[in-house]
Colleague: 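Sharing a structure with you now.
Proteins get letters first, then strands, A, B, ... in listed order; numbering begins at 1 in each.
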Amino acid sequence: MPGSPRASAGLPAVDNERIARVFEEIADLLELEVANPFRIRAYRNAARSVRGAESSLAALVLAGEPLPKLPGIGEDLAEKIQVISRTGTCPLLERLHGEVPAGQTELLHLPSIGPKRVRLLHQELGIDSLQDLQAALGNGRLARLHGFGPRLLTQLATALKARSASERRHLQPDARAQAEPLLRFVRGLEGVTDAQVAGSLRRRRDTIGDLDIVLCAEDASRVMATVLDYPPISEVMASGETRSSVRLDSGLQVDFRIVGRQSFGAALQYFTGSKAHGIALRRRARERGCKLNEYGLFRGDERLAGETEEGVYRALGLPWIVPELREDSGEIDAAERGALPHLVELRDLRGDLHCHTRDSDGSNSLRDMALAAQRLGWEYLAITDHSQHLNIAHGMDAERLARQLDEIDRVNEELDGLTLLKGCEVDILADGSLDLPDSLLERLDIVVGAVHGYFRLSAAQHTRRILRAMDSPWFTVLAHPTGRLLLERDAFAVDMRAVIRHARQRGCFLELNAQPQRLDLDEHYCRLAKEEGVLVSIASDAHRVFDFALLDYGVGQARRGWLERGDVLNTRSLAQLRSLLQRSR
DNA sequence: GCCGTTTTCGGCCCGACTGTTTTCAGTCG
Ligand SMILES: Nc1nc2c(ncn2[C@H]2C[C@H](O)[C@@H](COP(=O)(O)OP(=O)(O)OP(=O)(O)O)O2)c(=O)[nH]1
Ligand SMILES: [Mg+2]
Ligand SMILES: [Mg+2]
Ligand SMILES: [Zn+2]
């Protein structure tokens, strides 16, 4: 078997993500066997729970330590986690693979195709894969199938043609760029009194599946007709009185929901999600003898709330919960106890600890970056160009960096209110050594260490590599700690708890890289860093002056990770920052 | 499969849109 999951050197090859994917795969296969829907849900909930777990579960298993109590993980699933941790799979998954034709999960992921239709395709036409379906679409046999009307057939044809495009998720800037003109359009429509973005974009998730837009209007069906006139709409997938799903020319799906004024808050709550958060609220309503839906909170026929979100939460005995926290990962409990965090905000940041200039792969001069930062009212900006190993980015050798340090001294002379810090984004080499000599590193205010290559090391090797880098007395911040590139490259395998604990021990910090294709640390690791008492640097990694605006994406992610002002390194004043960066050398 | 100020069985969120359904199943948000 390629990539044997067996652990080497005490660290597991199976990370939480892999365990979660096994549970999701089981859920898909159970769905195809038309199993008990609640059992299927249990596996999907388990996947979510494992993703949110703060420790590497396989690491605990291999160390013989007990698993923490995780929501939705009972006796049976805990046992399965043990087995998956050791083998990368489990008997149930293997059995299901033997029973369900291999291509059927792909079919299940097509729009409007669920387990019953997959079964029908199999039984009536022997279709078990995307290729089979493609062929059947071509020769007209599909149309004879019960429930396969013309609308569904066009939808399937589109989905098969642009499969990769339609299944693809989107980065926030892309989603935002398409949401803005759309919002302008619908807000200008007659009868529309309010329109808000909901869904994952409002929750500021790292990637966005589709746009979810709630509109407030009394005459829903008339307004819906005008909404569908939005020129970039290429396909109307479903359209009724109060909700529609469309696809834009770009391939992005948009879901619209229209409700009246007295339901707008309830609809916004419903459509913002997350699904798990919404279900948890509905369960809570039920426990209190009420019913919560997108129209309001009701006791019998009596409407208790619905006009505003705040009113809905209040009527459920809760303070309003910011969208970023709505993942059913402890926020309802915290709200109930009055213990919601006061999340960090963009305006709390007093500077940025990671940026580039023309001296490596940036587009603007050092001076222009400094002046732009000064205009933002910041107290400090660390200049952190690449080191020599990254020659693709014109990384600097010792001599060029030394010249840059002189330049920083000169620019600092003319700056007003802003202080440039001397830094470098130093490559962490494969063996964990740093890419510049100590004689130079010791002259820097901040050393941002980064992994830019050798991603295929094992978790054990990566962890050793990073711990060793932190052992350098000059190392201060670990940049983009998992190396992930959203929609392109997974995080590399690493024992993040060990990294974070070592950072605390060594007086180092972790970065939350705000580039929207990174957002690395993710929200789960942010919570872990907070729990372990390691400050996070929310950093733009700007390569041009406009990139400082990207910090807001980082703040969004930090908020999803429950970070408060005190948990963030660059909310500190320059004096506080300097003393934090001054390690016991 | 999970879970319990309704506890160890019997629940598990609730509603819109589509199709050929004439009273509802399938899929999705
Ligand atoms: N009550 C309830 N609400 C749901 C359900 N499915 C979705 N929703 C609500 C919560 C979601 O956040 C919202 C939008 O649905 P989406 O499928 O677009 O999910 P979301 O935007 O959260 O993530 P995405 O990035 O689009 O995949 O609709 C459900 O099964 N029950
Ligand atoms: Mg969405
Ligand atoms: Mg949606
Ligand atoms: Zn960088």
Colleague: I40(A) near the nucleic acid: base, sugar-phosphate alone, or nothing, with a heavy-atom cut-off under 4.0 Å?
Modeller: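 No contact.
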
Colleague: Got a salt bridge between R497(A) and E531(A), using NZ or NE/NH1/NH2 to carboxylate O under 4.0 Å?
Modeller: yes

Colleague: Return the value, rounded to whole Å, for the distance between atom CD1 of I258(A) and atom C1' of dA16(B).
Modeller: 13 Å

Colleague: Say you pick atom C1' in dG19(B) and the same atom in dC12(B); how far apart are they, in whole Å?
Modeller: 29 Å

Colleague: Give one of base, sugar-phosphate or nothing for R117(A), where a contact means two heavy atoms less than 4.0 Å apart.
Modeller: sugar-phosphate

Colleague: Below 4.5 Å, heavy atoms only, C-beta onward: do L108(A) and E31(A) meet side chain to side chain?
Modeller: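 Yes. Closest side-chain heavy atoms under 4.5 Å.
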
Colleague: Side chains of S250(A) and Q178(A): do they bring a donor and an acceptor to under 3.5 Å?
Modeller: yes

Colleague: Please classify the nucleic acid contact of I279(A) as base, sugar-phosphate, or nothing, using heavy-atom distances under 4.0 Å.
Modeller: base

Colleague: Does S245(A) put a side-chain nitrogen or oxygen below 4.0 Å from OP1 or OP2 of dG29(B)?
Modeller: no

Colleague: List the steps and the verdict of side chain to side chain contact (heavy atoms under 4.5 Å, CB included) for L487(A) and R169(A).
Modeller: CA-CA 7 Å; L487(A) 313 179; R169(A) 295 180 63 82; 4.0 Å; yes

Colleague: So, is K291(A) near the phosphate of dG15(B), with a side-chain N or O under 4.0 Å from OP1 or OP2?
Modeller: yes

Colleague: Rounded to whole angstrom units, what separation is found between the CG atom of D212(A) and the P atom of dC28(B)?
Modeller: 15 Å

Colleague: How far, in whole Å, is dT20(B) from dA25(B) if one measures between their C1' atoms?
Modeller: 12 Å

Colleague: Let's test your reading of the model: under 3.5 Å, does the base of dC14(B) pair with the side chain of R282(A) as donor and acceptor?
Modeller: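 A donor-acceptor contact between them is present.
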
Colleague: Start at the 5' end of DNA chain B and walk down; is the nucleotide closest to F148(A) or to G72(A) reached first?
Modeller: G72(A)

Colleague: Select from L92(A) and R41(A) the residue whose nearest nucleotide in DNA chain B is closer to the 5' end of that strand.
Modeller: L92(A)

Colleague: Reckon L281(A) touches a base, only the sugar-phosphate, or nothing at all at heavy-atom distances under 4.0 Å?
Modeller: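 The answer is nothing, as L281(A) stays clear of every strand by at least 4.0 Å.
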
Colleague: Taking atom types as they are modelled, is there a donor-acceptor pair under 3.5 Å from the base of dG1(B) to the side chain of N36(A)?
Modeller: yes

Colleague: Please determine whether a side-chain nitrogen or oxygen atom of R39(A) lies at a distance below 4.0 Å from atom OP1 or OP2 of dC12(B).
Modeller: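 Indeed not, no polar side-chain atom of R39(A) lies that close.
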
Colleague: Please confirm whether the shortest side-chain N or O distance from R286(A) to OP1 or OP2 of dT6(B) is below 4.0 Å.
Modeller: no

Colleague: Atom CD1 of I26(A) to atom P of dC2(B): distance rounded to whole Å?
Modeller: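 My rounded result for the distance is 12 Å.
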
Colleague: Is any NZ, NE, NH1 or NH2 atom of the basic residue among R21(A) and D490(A) found under 4.0 Å from an Asp or Glu carboxylate oxygen of the other?
Modeller: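 Looking at D490(A) together with R21(A), the answer is yes, because their closest N to O distance falls below 4.0 Å.
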
Colleague: What is the distance, rounded to the nearest whole Å, between atom CZ of R283(A) and atom C1' of dC2(B)?
Modeller: 11 Å

Colleague: Taking the minimum atom-to-atom distance to the side chain of R243(A), which one of dC3(B), dG1(B), dA16(B) wins?
Modeller: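 Between dC3(B), dG1(B), dA16(B), the one nearest the side chain of R243(A) would be dA16(B).
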
Colleague: Figure out the OH/C1' separation between Y270(A) and dG15(B), and round it to whole Å.
Modeller: 7 Å

Colleague: If you measure only the distance, is there a donor-acceptor pair under 3.5 Å linking the side chains of D128(A) and H122(A)?
Modeller: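 There is such a pair (donor and acceptor under 3.5 Å, judged by atom type) between the side chains of D128(A) and H122(A).
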
Colleague: Send over the distance from L145(A) CG to dT20(B) P, rounded to a whole Å.
Modeller: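 Atom-to-atom, L145(A) to dT20(B), this comes out as 10 Å.
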
Colleague: Roughly, in whole Å, what's the span from CG in N45(A) to P in dC3(B)?
Modeller: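 Distance, rounded to whole Å: 9 Å.
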
Colleague: Determine the interatomic distance between P on dG26(B) and the same-named atom on dT21(B); round to the nearest Å.
Modeller: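 About 14 Å, rounded to a whole number of Å.
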
Colleague: With rounding to the nearest 0.5 angstrom, report the CG to OG distance, L528(A) to S55(A).
Modeller: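 One finds 7.0 Å between CG of L528(A) and OG of S55(A).
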
Colleague: Considering only side-chain heavy atoms of S112(A), which listed nucleotide, dG1(B), dG15(B), dT27(B), is closest?
Modeller: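 Closest nucleotide among those given: dT27(B).
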
Colleague: With heavy atoms under 4.0 Å as the rule, sort P37(A) into base, sugar-phosphate or nothing.
Modeller: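 It contacts nothing in the nucleic acid.
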
Colleague: Below 4.0 angstrom from OP1 or OP2 of dG29(B), is there any side-chain N or O of Q253(A)?
Modeller: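 Affirmative; the distance criterion is met.
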
Colleague: Could I get the full list of side chain to side chain donor-acceptor pair (under 3.5 Å) partners for D219(A), not counting sequence neighbours?
Modeller: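 Counting only residues at least two positions away or on another chain, D219(A) forms a side chain to side chain donor-acceptor pair (under 3.5 Å) with R222(A).
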
Colleague: Classify the nucleic acid contact of Y43(A) as base, sugar-phosphate or nothing, counting any heavy atom under 4.0 Å across all strands shown.
Modeller: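 Since only primed, P, OP1 and OP2 atoms lie under 4.0 Å of Y43(A), the category is sugar-phosphate.
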
Colleague: So does Y295(A) get a side-chain nitrogen or oxygen closer than 4.0 Å to the phosphate oxygens (OP1/OP2) of dC13(B)?
Modeller: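 Checking Y295(A) against dC13(B): no side-chain N or O falls below 4.0 Å of OP1 or OP2.
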
Colleague: Ignoring backbone atoms, establish whether R151(A) has a side-chain N or O less than 4.0 Å from OP1 or OP2 of dT18(B).
Modeller: yes

Colleague: Taking a pair as Watson-Crick or G-U wobble with both distances under 3.5 Å, which nucleotide is matched to dT8(B)?
Modeller: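 No nucleotide pairs with dT8(B).
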
Colleague: Does a side-chain N or O from K116(A) land closer than 4.0 Å to OP1 or OP2 of dT18(B), or not?
Modeller: no

Colleague: Rounding to the closest angstrom, what is the interatomic distance between dC3(B) and dC13(B) at atom P?
Modeller: 14 Å

Colleague: When rounded to the nearest Å, what value does the distance between C1' atoms of dT23(B) and dT18(B) take?
Modeller: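 Roughly 15 Å separates the two C1' atoms.
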
Colleague: Could you work out the separation of dG1(B) and dT8(B) based on their C1' atoms and round it to a whole Å?
Modeller: 14 Å

Colleague: Nearest whole Å is fine: how far is dG26(B) C1' from L108(A) CG?
Modeller: 12 Å

